[in-house]
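Okay, so here's the structure we're looking at.
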Amino acid sequence: PHPCPYLPDHVAAEQGFVIDELDADIHRALLDRGFRRSGRLVYRPVCPACRKCTQIRVPVNGFTPSRSQRRVQRRNADLTVTIDDAPRPTDEKWRLFSAYLASRHDRQMPSDFRTFVDFLYDSPTSTIEAVYRLGDRLAGVSILDVCEGGLSSVYMYYDPELHRRSLGTFSVLWEIDHCRRRSIPYYYIGFYVPGARTMAYKAQFQPHQTLDPSQGWIPGRQLPPS
């Protein structure tokens, strides 16, 4: 047990295992049972007094961006995005990752180069990397797992000086569109925690589905248009 990184005064705990190789179909089955991947660790929350963490995914063909999301797209129209099928750590990415962590309030994760590599680039499964640039400037990097019938967002880090661009939201919009172009039916955003400020943006991608332990994937709560 340890302090919850999302909700104050809550205690968190995880169930997991370390894996050397993860096939795409098994990966999808694990996602559909509430597991996520971090480095070579596959885990899911088993918090003693809380079950608020839930997986959230977007059925790609049914998604339509809201007005505010379209504004984010226009705001970032000057960015270029490239996909790398063989993600690799670099000093440039590490410096961006360190700056991103330093800008966050929790600062619970160490930012040394070894941790950076183990956390994001030591992958036991098929992983790609979306690199976002503003001219020659590295603006953001998104790590994504390719599973059977889906694309799973592992982590996205960006330049904190560009926070007004809402790069986290833009990356999800671009990656959903990438799924549509590749005929990938589902985009897995990760865990959603109601009441957690840093997680609130995930529920804005509609329609979406959340994972219920007894019912499987069910339609998420629809929010007013924004």
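Predicted model, so just to flag it, every value in this text is computed and none were measured. Numbering of residues begins at 1 and proceeds along the displayed sequence.
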Considering all heavy atoms of both residues, which atom of [X] and which atom of [Y] are nearest to each other, and what is their separation?
X: Leu162; Y: Ala139; value: CD1-CB, 3.8 Å
X: Tyr158; Y: Leu96; value: C-CD1, 3.8 Å
X: Cys53; Y: Val193; value: SG-CG2, 3.6 Å
X: Pro65; Y: Arg70; value: O-NH1, 2.9 Å
X: Val60; Y: Cys179; value: CG2-CB, 3.7 Å

Mind checking side chain to side chain donor-acceptor pair (under 3.5 Å) for [X] and listing every partner two or more places apart, or none if nothing turns up?
X: Arg88; result: Asp84
X: Thr90; result: none
X: Tyr6; result: none
X: Thr64; result: none

Listed partners of [X] passing side chain to side chain contact (heavy atoms under 4.5 Å, CB included), at least two apart:
X: Arg164; result: none
X: Pro194; result: Lys52, Tyr192
X: Pro1; result: Val11
X: Leu211; result: Thr54, Gln55, Trp217

With sequence neighbours left out, what residues match Arg182 under salt bridge (Lys or Arg N to Asp or Glu O under 4.0 Å)?
none
Considering residues at least two apart in sequence or located in another chain, which fulfil the salt bridge (Lys or Arg N to Asp or Glu O under 4.0 Å) criterion with Arg114?
Asp118
Apply salt bridge (Lys or Arg N to Asp or Glu O under 4.0 Å) to Arg28 and Asp145, showing your working.
CA-CA 10 Å; Arg28 168 69 179 271; Asp145 284 346; over 6 Å; no
Measure the CD-CZ distance between Gln73 and Arg75 for me, rounded to the nearest 0.5 Å.
11.0 Å
Between the OG1 atom in Thr115 and the CG atom in Leu120, the distance rounded to the nearest 0.5 Å is 10.5 Å
Side chain to side chain contact (heavy atoms under 4.5 Å, CB included) assessment of Leu79 paired with Phe170:
CA-CA 10 Å; Leu79 294 182; Phe170 177 70; 3.8 Å; yes
So, [X] and [Y]: side-chain donor and acceptor under 3.5 Å apart, yes or no?
X: Ser142; Y: Glu175; value: yes
X: Thr125; Y: Ser123; value: no
X: Asn61; Y: Tyr186; value: no

When you look at Asp159 and Arg137, which way does the side chain to side chain contact (heavy atoms under 4.5 Å, CB included) test go after all the steps?
CA-CA 9 Å; Asp159 188 338; Arg137 179 179 182 176; 2.7 Å; yes
Within-4.5 Å side-chain heavy-atom neighbours: Lys93 and Glu129:
yes
List the atom pairs, donor and acceptor, that lie under 3.5 Å between side-chain atoms in residues 147-157 and the rest of the protein, sequence neighbours left out.
residue	atom	partner	partner atom	Å
Ser152	OG	Arg36	NH1	2.9
Tyr157	OH	Tyr121	OH	3.1

Walk me through whether Val172 and Phe205 qualify under side chain to side chain contact (heavy atoms under 4.5 Å, CB included).
CA-CA 9 Å; Val172 174; Phe205 297 94; 3.4 Å; yes
Verify the ring-centre separation between Phe35 and Tyr43: is it less than 6.0 angstrom?
no
Between Ile189 and Leu30, is there shared hydrophobic-cluster membership here, with clusters defined by ILVMFWY side-chain heavy atoms closer than 4.5 Å?
no
For Arg33, I'd like to know if atom CZ has over 12 heavy atoms of other residues, nucleotides or ligands within 6.0 Å.
no
Glu92, CD atom: more than 12 neighbouring heavy atoms under 6.0 Å:
yes
Checking side chain to side chain contact (heavy atoms under 4.5 Å, CB included) for the pair Leu144/His178: CA distance, chi angles, key distance, verdict?
CA-CA 12 Å; Leu144 303 143; His178 176 76; over 6 Å; no
Just list the side-chain donor-acceptor pairs under 3.5 Å for residues 14-22, sequence neighbours left out, or say none.
residue	atom	partner	partner atom	Å
Glu14	OE1	His2	NE2	2.9
Glu14	OE2	His2	NE2	3.1
Gln15	OE1	Arg44	NE	2.7
Gln15	OE1	Arg44	NH2	3.1

